[in-house]
Every structure is written in C-alpha cells, then in structure tokens.
Amino acid sequence: MVDKLDKSNLDLSVEIAGVKLKNPVVTASGTCGFGREFLPYYSLAAIGAITTKGVCLNPKEGNKTPRVAETPAGMLNAIGLQNPGVNYFVENELPNIKKYDTKIIVNIFGETVEEYCQVAEILSETDIDMLELNISCPNIKCGGISFGTEPKMAEEITSSVKKRSKKPVVVKLSPNVTDITEIAKAVENGGADCISMINTLIGMRIDIKTKRPVLKNNTGGLSGAAIKPVAVRMIWQVRNAGIKLPIIGMGGITNGDDAVELMLAGANAVAVGTAAFNDPKTVLKVIDGISDYMFENNIKSVSEITGAVKAWE
Amino acid sequence: MIALCDIISNEKMTEEYNIYSMIIDAPLIAKIAKPGQFVHVKCGGLTLRRPISIASAKNGQIKICYDVRGEGTKWLSGLKSGGKIDINGPIGKGFDVSDTSKKVLLAGGGIGIYPLYSVAEAYGENAFAVLGFRTKDIITFEKEFKECGSKLYIATDDGSYGRKGFAIDTVKEILDNNKIDIIMTCGPKIMMKGIALEAQKRNIRCQVSMEERMACGIGACLACVCKIKDANVGDGVLDVPFTNKRVCIDGPVFDIFDGSGVDWEW
C-alpha cells in the first residue's frame with residue numbers, strides 16, 4: 001500500500017519565469033480590479049499572484065454601457081479597458097497590493113508598440129513581479145488585437161517590450177485566430193518568458209425585440225464556463241507544438257477540477273476570472289480543490305500535474 | 001457579506017403580472033441595511049447574480065420585490081418558503097435618511113418604487129410619495145406606502161387608476177404647492193431625468209438611484225458604470241467633468257443635487 005500524503009505537506013508552489021508563486025492560482029486580468037474589492041472576501045496573501053486590470057499610459061474611460069450580457073454558461077463583456085493610467089496605478093494602487101504577501105502581475109496595453117514599451121519601463125522601476133502584455137483584448141479598436149492575431153506583430157511587440165523591460169514578460173494570447181500555435185511560437189521567438197491563455201472569444205448577442213445588439217460595443221468577449229473546453233484544447237495544442245514556455249492557463253475555471261484539467265493539458269499555473277463575479281471566494285475553492293486532487297491522487301508537487309494528460313494515440 | 005438564508009415567503013403580488021415579493025430571514029443583513037441598498041442574488045447555475053433592491057429591512061428579515069423579466073428572476077420566482085437563497089449584501093450607497101424631519105418627495109416608477117418604500121418608512125408623514133405605473137393591474141404597495149404615513153399619489157399612464165399621466169406631472173404639482181427639501185427618485189431613466197431636471201429648475205437637492213447591467217456587484221469588473229459629477233453635500237451644482245462611477249458600490253443612489261449631475265445620454 002502506498003503511503004498517503006499528509007495534506008499539509010503538499011507542495012503547491014510553482015516557479016514561473018524565475019518568480020516563485022506559493023500556489024498556482026492567480027486572478028485573471030480585468031476580473032479583480034487592483035484587488036481592493038476582494039479584500040472583504042479573502043486576503044491577497046492566499047493566492048499565488050494577483051493579475052491586475054490592464055493599464056496603459058493615460059487614463060481611459062472605456063466603452064458605453066451596457067458593457068456586459070449573460071450567455072449560456074458564460075457572459076460577454078466589452079468594458080473597453082477602462083483604467084486610471086499606469087502612473088495612478090503606481091502611486092495609488094500598487095502600495096495597497098504590496099501590503100499582502102503575494103506576487104504582482106501587471107497587465108499592460110497600448111495603442112502603439114511605443115506605448116507598451118513606455119508602460120513597461122515605468123513599471124520596471126517599481127516593485128512588481130511580472131508584466132502581462134495584453135495583445136488580445138477584443139473590445140477596443142486599438143487594444144492590441146492586431147498585435148495578437150498576426151504572428152509577425154506578436155513577435156515584434158514581444159521583443160520590443162522585452163528589450164525595455166526589466167521584469168519578466170508574460171504574453172496573453174487571443175483565441176480568435178486560426179492557429180494559436182503560430183502566435184505562441186512567434187512570442188516565444190520574440191523572447192517571451194511566459195504565455196497566458198486564453199483571452200475571451202469574440203461573441204455577440206442581439207435583443208430580438210429591439211433588433212439591437214445587447215452590448216453597446218455590438219460585440220464582446222465571451223468568458224466563463226462555456227469557454228473552458230476551448231482553453232483546454234488550445235493549451236494542449238500549444239504544448240503539442242513543442243512550446244516549452246510556462247503557461248498560465250485561464251478560461252472558465254470555477255473549481256479545482258477545472259484547474260486540474262487546464263494543468264493536465266499543459267498549464268503551469270491557472271487564473272480564475274469570471275467565476276469570481278458569482279462567488280468572490282472562488283480562488284480559495286480552486287486552491288482547496290487542487291489540494292484535494294493532489295491528496296487523492298498521491299501527487300506531492302503540483303507541477304507533476306502540468307502536461308500529464310495521456311492523450312489517445 | 002454572503003449568506004445562505006432561509007426563505008420565509010415568495011409570493012406573486014398581482015394577478016396579471018409576474019411581480020413577486022420575497023421575505024428572507026437575514027438577521028445580519030437586515031440589521032445594517034440602509035434604504036436604497038440592494039442584495040446580489042445567486043440564481044441557480046446562472047453565471048451572474050442578480051441585483052435586487054431591498055424594499056424593507058426589519059425584525060431580522062428583508063423583503064425584496066422583483067418583476068420576472070428574464071432567466072434569473074424566473075428562477076427566483078420558482079423558490080418556495082422553507083427553501084434557501086444565497087445573497088450578497090447589503091451592497092451600495094443608499095438614500096439619505098440622516099434627517100427625517102425634512103420634507104422629502106419620493107418619485108418612483110414601476111419596480112423603482114420598492115427601494116423608496118424603506119425611505120417612506122423612515123420619513124413617515126414627512127414624505128410625499130408619487131408612484132407611477134403603466135396601468136391599474138400592475139399597482140403594488142399602495143397600502144404599504146399609506147401605512148407609513150406618506151401623502152400618497154398614484155399615477156397611471158393610461159388613467160385606469162389614480163391620476164392619468166406620468167409621475168412627473170404630479171411631482172410638478174406637489175412642488176408648486178409645498179416646500180420640499182429633497183427629492184429622491186428611482187425608476188426608468190427617462191422618468192428620473194425629467195424629475196432631476198425639474199429639481200435643477202427649482203434648486204432642490206435630488207438623489208437618483210441608477211441602474212446598469214451589472215456583473216460582479218462588488219466594484220471590481222467596471223461593467224455597471226454611469227457618468228456622474230463628483231459632488232459633496234453643500235457643494236450645490238458643480239462645474240466639473242463627468243467621471244465614471246460604479247452603480248454597484250459608488251451608487252446605486254447618487255447625490256447629484258440636480259439634473260446636471262448625470263450624463264443621461266451615456
């Protein structure tokens with residue numbers, strides 16, 4: 001009989017691009033603001049890292065409302081990257097996050113390669129741990145979507161930011177492409193330290209009474225449980241394409257089993273997003289669920305799960 | 001706070017229309033709830049919670065009233081007394097009930113009347129209440145408002161009950177004949193706009209309860225923003241730009257002072 005592990009001795013820590021996370025569960029960009037609103041529900045010290053709302057150089061007011069619409073097992077959003085700008089973040093939000101023992105991933109975007117680089121430079125002088133390049137937000141015209149859907153552009157923006165950033169660079173991939181492995185290879189060639197995937201899938205809802213799209217932006221990004229199979233498939237494809245970069249997997253995670261599924265496909269860490277809107281404590285549930293899986297399957301280190309899928313021949 | 005609470009009752013209030021009133025045993029929420037706040041209600045397996053205003057909070061119980069309009073409220077209408085409901089709340093900033101010796105005019109439209117009910121409870125005889133409905137069969141809470149001591153006026157769009165016409169007509173009449181210190185309104189945007197602009201004309205302080213499609217309900221996702229001018233009590237009309245405010249936690253009630261405080265076209 002195999003000795004059962006003691007639950008308290010499970011190793012949930014993972015190392016991504018030289019940054020050690022105490023557990024593999026992080027928040028997904030745009031779903032947790034800058035962390036403040038979740039403090040009544042859990043301490044940021046409980047999670048591996050916080051990924052902030054996307055910031056750019058200057059404040060941005062975002063799209064008109066309605067900005068969200070529910071869909072079967074998911075939702076559409078078109079917030080439009082509303083944010084107070086990187087300098088406001090550094091002065092007013094970062095000090096608050098620093099009170100907690102967690103790693104900080106700052107999601108950044110810009111209208112031009114130069115803007116991405118400038119934001120990266122500003123953040124390089126601060127006490128954050130990683131940058132996440134949003135090259136894939138579907139909701140604003142200059143929100144980097146062309147960077148995220150053309151391999152050449154994806155490579156160029158990655159290498160440009162890498163040259164001017166002192167922090168490890170995570171590149172967030174868009175699923176709205178024909179072949180995600182091409183983009184993944186491109187950002188690997190560009191020098192990315194890590195990939196996060198997937199961003200939302202572009203969708204649309206129409207009110208049949210008014211014949212108007214429900215979202216003022218007409219289209220929006222689909223997230224939630226509905227997109228989990230797409231995330232699992234794409235992570236698996238990227239791993240099969242021989243990409244060795246660490247992957248932060250996201251898309252429809254609502255519990256520990258979902259997280260394990262993305263990790264089996266090849267993710268090193270996972271991000272929780274939309275599910276936190278319904279239950280703000282979802283991250284804690286996910287961490288517990290991963291621990292339970294490890295305990296039940298006699299897995300000592302959470303990294304053993306990564307890529308352990310036994311695909312059919 | 002998120003709590004799994006017992007449902008005391010969940011009953012349809014009108015014959016013709018699917019408007020329900022649910023009483024929930026929620027001692028902690030009832031204790032701290034303020035008029036105009038809401039609870040965010042989990043609806044089965046749906047992705048998002050639904051924001052529903054608190055109509056009344058007393059004796060350890062809260063009452064929420066809702067119109068069955070979509071999947072979420074349809075699911076809610078199927079709940080029975082003795083069952084459980086998962087609610088997060090109370091959430092948001094409510095109406096000002098710090099000085100109930102003031103004369104308040106409450107203007108509600110449709111399901112917008114419910115958050116005003118707890119204000120009416122607080123102000124008692126110092127409240128004028130104008131409730132607008134589409135038609136007679138959809139009227140609820142007439143008795144409740146009367147029992148609070150409010151001077152009650154009911155208007156129906158089709159004239160099938162009370163005064164014929166929109167709430168704004170009656171509001172103007174009351175303002176012509178009475179000294180009102182503050183106006184509070186909740187209902188369709190077009191109604192609130194008209195009332196807020198009337199308040200501006202007469203230089204009366206006005207509080208509006210805004211509504212936008214919501215996702216997280218805790219201020220994180222920035223889905224439910226509206227454009228409001230920042231103002232503090234005593235500032236009066238401000239010559240400042242509109243800023244994005246979250247309906248969920250910066251509102252839903254905004255002290256706008258007058259109609260110019262909201263960008264109604266946003």
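Chain letters run A, B, ... following the sequence lines, proteins first, then strands; residues in each count from 1. Hydrogens, waters and symmetry mates are skipped; everything else that's a heavy atom, side chains included, is used.
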Does atom [atom1] of [X] have more than 12 heavy-atom neighbours from other groups under 6.0 Å away?
| X | atom1 | answer |
| --- | --- | --- |
| Ile190(B) | CD1 | no |
| Lys98(A) | NZ | yes |
| Ile208(A) | CD1 | no |
| Lys136(B) | NZ | no |
| Phe166(B) | CZ | no |
| Glu211(B) | CD | no |
| Lys12(B) | NZ | yes |

Give the C-alpha distance, both sets of side-chain angles, the deciding distance and a yes or no for salt bridge (charged side-chain N to carboxylate O under 4.0 Å, His left out) between Glu212(B) and Arg67(A). CA-CA 9 Å; Glu212(B) 288 289 348; Arg67(A) 291 177 169 185; over 6 Å; no
Determine, stepwise, if the pair Val225(B) / Thr65(A) fulfils side-chain contact (heavy atoms from CB on, under 4.5 Å). CA-CA 7 Å; Val225(B) 302; Thr65(A) 56; 4.1 Å; yes
Check for a donor-acceptor pair, side chain of Asn278(A) on one end and backbone N or O of Lys42(B) on the other, with a separation under 3.5 Å.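 Looks like no, no N/O pair under 3.5 Å.
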With a 4.5 angstrom heavy-atom cut-off, could you sort out which part of [X] is near chain B: side chain, backbone, both or neither?
| X | answer |
| --- | --- |
| Tyr41(A) | side chain |
| Thr71(A) | backbone |
| Lys281(A) | neither |

For Glu70(A) and Arg50(B), run side-chain contact (heavy atoms from CB on, under 4.5 Å): C-alpha distance rounded to whole Å, both residues' side-chain angles, the deciding distance at 0.1 Å, then the answer. CA-CA 11 Å; Glu70(A) 197 174 60; Arg50(B) 299 294 190 269; 2.6 Å; yes
Checking Asn88(B) against chain A: side chain, backbone, both or neither under 4.5 Å from a heavy atom?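 Only the side chain of Asn88(B) comes within 4.5 Å of chain A.
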Could you tell me which portion of Glu265(B) (side chain, backbone, both or neither) has an atom closer than 4.5 angstrom to a non-hydrogen atom of chain A?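 Backbone only.
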Does the side-chain contact (heavy atoms from CB on, under 4.5 Å) test come out yes or no for Arg213(B) and Met75(A), once each step is laid out? CA-CA 12 Å; Arg213(B) 292 245 184 179; Met75(A) 63 176 281; over 6 Å; no
With rounding to the nearest 0.5 Å, note down the distance linking CG in Leu222(B) to CG in Asn63(A).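 Rounded to the nearest 0.5 Å, the CG-CG separation comes out at 11.5 Å.
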When rounded to the nearest 0.5 angstrom, what distance separates CD in Glu61(A) from CZ in Phe242(B)?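 Going from CD on Glu61(A) over to CZ on Phe242(B), the span is 11.5 Å.
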Determine the minimum heavy-atom distance between [X] and [Y], stating which atoms define it.
| X | Y | answer |
| --- | --- | --- |
| Cys221(B) | Ile79(A) | O-CD1, 3.5 Å |
| Thr47(B) | Ala73(A) | OG1-C, 3.4 Å |
| Phe277(A) | Cys216(B) | CD2-CB, 3.4 Å |

Taking Pro40(A), Gly35(A), Gly74(A), Gly33(A) one by one, which has the highest count of heavy-atom pairs under 4.5 Å against chain B?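 The answer is Gly74(A).
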